[in-house]
Structures are given as structure tokens and as C-alpha cells.
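Below is one structure, written out as C-alpha cells; comments come after it.
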Amino acid sequence: MVLVLLIVVFVLLFVLRYLKFGAIGGVEGMPETPGRKTLVVYGPPLGGRTSRPGLEKLVREAYPDADILVPTYWHHWMSNVDAFELTSQIETAIREADDRNKIGGAHQYEKIVLFGYSTGGLLLRKAYLWGHGLDDDRSVRHERHPWVERLDRLVSLSAPNRGWPSDKPEHLDIFRYVIAYVLQRFGRLTGTGRFIESLVQGSPFVSNMRVQWIDLFRDGAAALGDRKPLIIHLVGDKDELVDRDDSIDLEAGTGANVMIKTLERLTHAEISENLYRDNASALNPTGEAIRMALVTQPGAFPAYWADRVGALQTDDQITQLIFIMHGIRDEGTWPAEVKRSIEAQIGDAAAHVKIIPPLYRRFAMLPFLLYWDRQHNVRWFMDQYTQARAMYPKLEHVDFIGHSNGTYILASALQRYPVLKVRNIFFAGSVVPVHYDWAGRIADRQVTGRIWNVCADFDWVVAIFPQFFQQISDWLGIEKSRPGLLDIGSAGFRGFRENVATAGILRNLKYISGDHGAAFEPAMVDPIATYVSQNPAIDFVARWRSQDRPEPRGLERASNLSWLIWGGGLVGIVVIGAIFLHLAGWLGLLGFVVVLLGLLTTF
């Protein structure tokens, strides 16, 4: 029995993560002979083309004389298929189809239509951006292809344009939410469901796409000229997964080229089902709305057909964005004090500055130690950044103040999201590795201003706990931090490693007097506010470091023994567990484990 249990645990933890649980497939419908004038690309939902045959039938009836490309992928909730690889396959197929359909060296397609339902809409939207060469996050970069110039329209049906929701949506009942939550946790444990995980709100796939979209249609509008495609998004008003307001970035810079239509009394599944009347030859109102979105010429839609595009309330006055991010269990008032100080110092100029306070929920120790759980707040941050990019069209600069886990949020986001750009950075109590690649972030123009990293001489939190991960990285000879389990460290106590590429940009202040939160004591707040709002040239070393302050040798020695402290703690837990097992049997051990997990997820 024990052997069987061990085998099951081994399979769950170490085998399932290497299985696909889906298929990337290919792309059917490549043109055999050149000459057709229209190309339609249909992106099926998660279950693949066979899960919604009525939609493909509608597309083929709407464009009987077109070449129609259909990806043959299929998935379910456990799928580990790579969304980036799948999107690259689709965009490459569009390029190849366009290049095949040439006569005398001239492309024959005059009109290209992209139509995707649910996940398929998200993939096609990404493919369009990659076709423009906006592919910083593509494994193999390509130049812009001329097929994008002939895109007539992009029609998305219940596409999660903001990504799949991380929290409970309004219309999703609690029973299905609990099931989804359990499946998500099971996927984290077993390494399954990575396809859906890669498409959640704030994920690199989604956030990079949304910012690239804004860059193209707002900042690159001149390059598009009069070739802006028609963008149509249809969503049911009872959709449990997609909200009408999730698509505000579609409206950024696109103006009259965007149409959003809400279909009444339809859920996420119902909007794609039963598209035909009983005789299966005539479309019902839902099917007719989809057909109109596919074929109606711009300017020919009835005035009543689409919703008013007004969800995006932009503020043209905002030119600077300041993020203030606290630590995992920080319930202090310093973020509000920094905000008040900034507003007091800049006076009337506050009308041009938006300060984003730390709104993410309290974070316990155990989730912080688990890579996927601490990434939750990174995704939240990038979702906020993307929303801000959409709402503030005149935004010029983004500055950042971070403490403890807040420093990790920015550092990790800069690694995983090439679209993220920040100017001046202030870190204190940082849990980022000392070997973080600031030189790469500076070279890629993701960081354009200055970086201050303030260390406190009695910050035992950083010196002991994340230092253990730092030591493992050092033992393994890792020279540049990479996303993963070991992407936390002790830069908040030991400082970042500097080099020629970071000279004059990255500054470590070692040390100020105090503990983990010393940098945000009331007397420290005003200079930090000045740094991000008025004077980035401020010298914190000159202001805060006493020349006669001794080095924290005792804490340094303890920090070097962090592995021993961690090991002692683990041994202590095992010993206590063994005592409970001896005194109260397996039930007692189970109770001890439950209490231990409760403590770790509470404090």
C-alpha cells in the first residue's frame, strides 16, 4: 500500500508536468493554387474546432470563395501546450499562405479577416501584433510582414482580452469557482494546466500583448495611416469569464475603428452554441450578429447595432505614474505618507501625476517562498500597469518605490515583460538577488533613469531568509538571476553587484541604521518623495549615511550561516512532527501539519 502511494505521489509531482494533455496540431487550408482575393483565419476555442462545429460552418458560409485557415489544436484544462509556440505557428501559417498566393510576385489577397472565439481570439490578436514585428517576446523574431497591411478586420467572440480572470468573476457561480480554484491548485502542484496559466490576467503573454497593442494603435498610429483594421468584439452580458470592461485596451487609440457589441442573455458557452434556427439553414439572432460582424462593410452597420464605445475614460493630463509597493505583511502607513509628501511638494503639478498605492492583498510567508504564488502579485502589477497605459494616453514616465516584496514585483516584471519601461527606482529592504541583471535592463532601455538600493544594518529579515536562496545561487555559480525558484536574494542587505554598465545609474547605500523598514521611517519620507517627483539627482548616501557608522559584522556572519539556520529550522519541524507521530499516531502528525501550514499561510 505504501509503495502504491509513493508511486502515485511520484507520478503526480514529477511525471504529469512532462505530458502535453493537448496537441499543438497544424494549420489546415493552405492555398493550393493562387488567385483568391480573401483569406479568413478562424481561431477555435480551447477544445479545438470540433467543439464548436457551428462556428466554422458559419465562417465558411459567410466567405464561400475565400481561403480559410483553421488551426487544428485542441486542449483541455490540463493542457501544457506552449501558447507562444502555438501563436507563432498561426502567424507563420498566415505569412506562408500570403506568400503562396502570389501571381507575378504580387500578393493576391486584398482582404484578410481574423475571427476567433474565446482563447482563439486571444491567439489571433497576438498573431496580428507579431505580424507587425512587435515580437519582443517571440522565441525567434521576424520582421514585419505585409499581410498586416491588408487586414480588413479582427473579430473576437468572447475573447478574454484582459486574460482569464484570477479572482472570481461576477457571473461565475461559487460552485464552479471552487472547482476552478481546486483545479488551479492541482495544476500548480503537478505542473499541469500551463496553457491556461499562461493566459491569465497579467501574464507575460497577455500583458505584453496589451501594451504592444496600445503602442501600435496609439503611439504607432501614424505608421498605420488609413490602414487601421476594423476591430469588433462580441460578448454575452451573462458571460461568466469575460467582462465588457476587460477590453478597454482595444479602444486605446483606435477610435471609430472599434465596435463592441453585447449580446443579451448569453453566457460564455451559449454565445457560440445554437447559432442556427431549428431547420439548421437559417441563422438565429446570435448567429446573424456574428455573421454581420464578419461581413458587413465599415460604415454600413445599423446605428443601433453596436454598443457605445465609452468604457475607456482616458485622462490626458496624466504624464507621470508613480507606483508604491509594500512588502508581504507590511500594514504600515508609509505608502500614504509618501503619497502625501509627493503631492505637497509638487503642488498644482499633482494634476499631472497619478500615484498607484499598493492594493494587492496581504501575503503570507509560505506563498512568498513558492515561485508561482509570488508571481501572482507580479501579474497583478502588470495588469495595473497595462490598465494605466490604456487610461493615460499622454503618459511619459513611470517611477517606482518598492519595499521588500515590492522590490521583487518590479525586478521580476522587468525580467518577464519586455514591454515594461520605468524611469527612476527606489528599493529598500530588497529581496532581489545581488546578481540581478540590471545591466541588461539598462541596455534594453527598460530602465532609463537611476536606481537606488538602500540597505539597513539590522535588516535580519533579508540577511537570513532570502539569503538562503542567494547562497544556493552562489553555490550553483549562477551569474545572472533568472525567473524561477531562486529569483529572490539578499540585495537589501548585501547590495547589488555593480559593473561598468551600471556605473552612475545603480547606487547601493550601505548602510542606514535600523531594521527591515528603516528606510520608511517618518524622517525618511520626504527625500524619497523628492527623488521620484522632483530631483532624481538626490544623493541618499550624503543625506543618510554617517561616515563613522560601523559595518554590521555580526549580522553578516549570521547571514553567512543562513543555510544552517534554515537547516536547523527544518530539522526542528521534523523532530516535532516525529514527536506528534510517536505520541498521537498518524492523526496527531496530520494535525501538526495542518497547524504548521496554517501558521505559514497566515504569518
Side-chain angles (χ1 to χ4, degrees), residues 136-137 204 207-208 211 321-325 327 371 374-375 377-378 381-382 385 397-456 459 462-463 466-467 469-474 476-512 519 528 531-532 536-541 544-545:
D136 294 347
D137 51 354
S207 289
N208 285 334
V211 174
L321 192 66
I322 301 175
F323 282 96
I324 305 175
M325 295 290 126
Y371 173 72
R374 63 176 179 260
Q375 281 294 304
N377 290 329
V378 179
F381 166 70
M382 281 306 300
Y385 174 82
H397 303 295
V398 177
D399 300 291
F400 189 93
I401 301 170
H403 175 239
S404 194
N405 184 58
T407 69
Y408 173 81
I409 288 174
L410 179 66
S412 181
L414 286 169
Q415 285 181 314
R416 304 191 68 210
Y417 300 81
V419 298
L420 175 60
K421 314 291 183 186
V422 293
R423 185 177 57 172
N424 297 310
I425 298 170
F426 181 90
F427 278 2
S430 175
V431 293
V432 177
V434 300
H435 54 287
Y436 184 81
D437 185 19
W438 286 114
R441 308 286 77 79
I442 294 166
D444 292 341
R445 301 292 297 167
Q446 286 185 274
V447 178
T448 59
R450 301 189 179 199
I451 306 162
W452 272 100
N453 178 53
V454 177
C455 308
D459 191 348
V462 173
Q467 167 65 7
F469 294 84
Q470 181 71 59
Q471 286 182 310
I472 296 175
S473 295
D474 292 341
L476 294 175
I478 299 174
E479 296 182 357
K480 292 182 179 180
S481 172
R482 296 186 297 269
L485 179 64
L486 298 178
D487 66 350
I488 54 177
S490 55
F493 179 70
R494 295 181 174 272
F496 289 110
R497 293 171 186 164
E498 302 176 46
N499 54 44
V500 174
T502 62
I505 298 174
L506 172 62
R507 297 284 305 277
N508 290 298
L509 168 50
K510 297 169 58 180
Y511 294 87
I512 63 170
I528 298 172
Y531 168 68
V532 295
I538 189 171
D539 189 339
F540 288 101
V541 172
W544 287 352
R545 190 184 189 282

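The basis for the numbers below is simple: all heavy atoms, side chains too, and nothing from hydrogens, waters or symmetry mates. Heads up: numbering here begins at 1 and tracks the sequence.
- The closest donor-acceptor contact from the side chain of T407 to the backbone of S404 lies under 3.5 Å.
- Ring planes of F427 and F496: tilted class, angle from 30 to 60°.
- With D399 contributing its side chain and N424 its backbone, the two residues share a donor-acceptor pair below 3.5 Å.
- N208 places a side-chain heavy atom less than 4.5 Å from the side chain of P418.
- T448 places no side-chain N or O within donor-acceptor distance of the main-chain N or O of R445, the cut-off being under 3.5 Å.
- Between the side chain of Y436 and the backbone N or O of A411, at least one donor-acceptor pair lies under 3.5 Å.
- Remark: of the listed residues K480, E479, Q470, Q470 is the sole one forming a side-chain hydrogen bond (donor to acceptor under 3.5 Å, both in side chains) with H435.
- In this pair, Y385 and F323 present their aromatic rings tilted. The plane angle is within the 30 to 60° band.
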Exercise for the section: Carefully, step by step, assess F493 and C455 under the rule side-chain contact (heavy atoms from CB on, under 4.5 Å). Expected result: CA-CA 5 Å; F493 179 70; C455 308; 5.5 Å; no
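- Under the salt bridge (charged side-chain N to carboxylate O under 4.0 Å, His left out) criterion, R450 pairs with no residue at all, not counting sequence neighbours.
- Partners of Y408 under the side chain to side chain donor-acceptor pair (under 3.5 Å) rule, at least two apart in sequence or in another chain, are R374, Q375, D487.
- To the nearest 0.5 Å, atoms CG (L321) and CZ (R423) are separated by 11.0 Å.
- At distances below 3.5 Å, not a single donor-acceptor pair connects side-chain atoms of D444 with backbone N or O atoms of Q446.
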